[in-house]
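One structure is given below, encoded as structure tokens.
FYI, side chains are in, hydrogens and waters are out, and symmetry mates aren't considered; it's all heavy atoms of this structure. Atoms within each ligand, like the ligands themselves, are counted from 1 in listed order.
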Amino acid sequence: MKIPFLNFGATHQPMKMEMMNAFEKVYDSNWFVLGEQVKAFESNYAAFNQVNHAVAVSNGLDALHIALKTLNIGQGDEVIVPSNTFIATVLAISYVGATPIFVEPNIHTYNIDPSKIETAITPKTKVIMPVHLYGQACEMKEIMQIAEKYNLKVIEDNAQAQGATFQNKITGSFGQINGTSFYPGKNLGALGDAGGMTTNDAALYEKAKVLSNYGTSVKYVNDEIGFNMRMDECQAAFLNVKLNYLTTWIEQRQEIAKWYNHHLSNINSLILPVVAQNATHTYHLYVVRTNKRNELMNYLSDHEIGTLIHYPIPPHLQKAYLNLGFSKGDFPIAEEIADTCLSLPIWPGMKEDQVIYIANIINQFFQI
Ligand SMILES: *Cc1c(COP(=O)(O)O)cnc(C)c1O
């Protein structure tokens, strides 16, 4: 049985007509940028994310970039990020001229370790950017307490965890302004690039919206140096349809994770996902760890099962960040995760048969 890492067919096929109709509406409206669909999506997504405002933008990286700009973060400022995040979180910090300060994750949850944040804080620290990695909510109570104590802002990177919660509060609603991504492979994916910001603060909403649209609130009047980082009407129309399914899809991901947990539970040397107390996990990725990661990946590939590594090189060891002066050994937990993690296939609509098949092959691998 051939099993791809990701399969859009199971979700996209049944909603094809709905999506075609959404496209037709935009096509016939002859209005393609900043129209009804974007307006509706901002309101729909704000409601889903239990915040007052959402801003629809071009992609997740731009969302994080604008969020930092909106909070006036720039040259000379330090921003705390987990050492094991996707590069986009760090790039956004670089774009505004600030310095990323890496803090190690918890080796069990893979999310930033709140107990290590305080020692990373200096007089230059302005923002903590927790990343809800793989779909699991960070320990936000502790993080918000530290932010309050040191008068720091919080920008959540919620690209992987739409709909996750910590103490029943939804991710993307803790920070002053937060970024998310609607890249096709994310839990809520457009049919192309798209992203968004969420905030409860009307002034931050206004500023972020203006920054995403050339820094203009009145056409051809520019109050600041903004960007063209808008979401287009087609993507918003698609997302308005898909948002209705997001909760169901998250439940399906959680069910699939349970199947994996069950069918992989008897392999001692395979580390399964761990969910922190009071956190929920939306399983954007189902990540296991083993010292034989590369061998397991090859074995699964030989059996036509697609896997990926999220992520093989931590940001501090990337050539792009040589200037930060880090070397191997500086963030050993991030490095350990990078060397041992493997993401197994998961998508809404995946069947238990497929999970059992994959689990059997993984069991086989560890027996030989
Ligand atoms: C995908 C992702 C982003 C960037 O989103 P894009 O829409 O691809 O720009 C940022 N942070 C994390 C953690 C992501 O997974």
- Centroid separation Tyr134 to Tyr283 less than 6.0 Å: no
- Measure from the ring center of Phe227 to the ring center of Tyr214 and say whether it is less than 6.0 Å. no
Numbered atoms and elements of ligand 1 in range of [X], under 4.0 angstrom, heavy atoms:
X: Val131; result: 13 (C)
X: Ala159; result: 2 (C), 3 (C), 10 (C), 11 (N), 12 (C), 14 (C), 15 (O)
X: Asn59; result: 7 (O), 9 (O)

- Is any side-chain heavy atom of Val274 closer than 4.5 Å to a side-chain heavy atom of Tyr110? no
- Check: Thr216 and Val221 side chains under 4.5 Å, non-hydrogen atoms: no
- Query: Can you tell me if Asn240 and Asn44 form a side-chain donor-acceptor pair at under 3.5 Å?
  - Reply: yes
- Item | Test of proximity, Asp157 against ligand 1: N or O pairs below 3.5 Å | yes
- Message: I want to know if ligand 1 touches Ser181 in the polar sense, i.e. an N/O pair below 3.5 angstrom.
- Response: yes
- Pair Glu36 + Lys25, salt bridge at N-O below 4.0 Å: no
- Logged contact type for Leu61 with ligand 1, heavy-atom cut-off 4.0 Å, is both
- Query: Do the side chain of Glu224 and the main chain of Gly215 share a donor and acceptor less than 3.5 angstrom apart?
  - Reply: no
- Query: Which protein heavy atom lies closest to atom 2 (C) of ligand 1, and at what distance to 0.1 Å?
  - Reply: Lys186 NZ, 2.7 Å
- Query: In the protein, which heavy atom is nearest to atom 15 (O) of ligand 1, and how far is it?
  - Reply: Gln160 NE2, 2.8 Å
- Query: Relative to atom 6 (P) of ligand 1, which among Ala88, Gly195, Gly60, Pro184 owns the nearest non-hydrogen atom?
  - Reply: Gly60
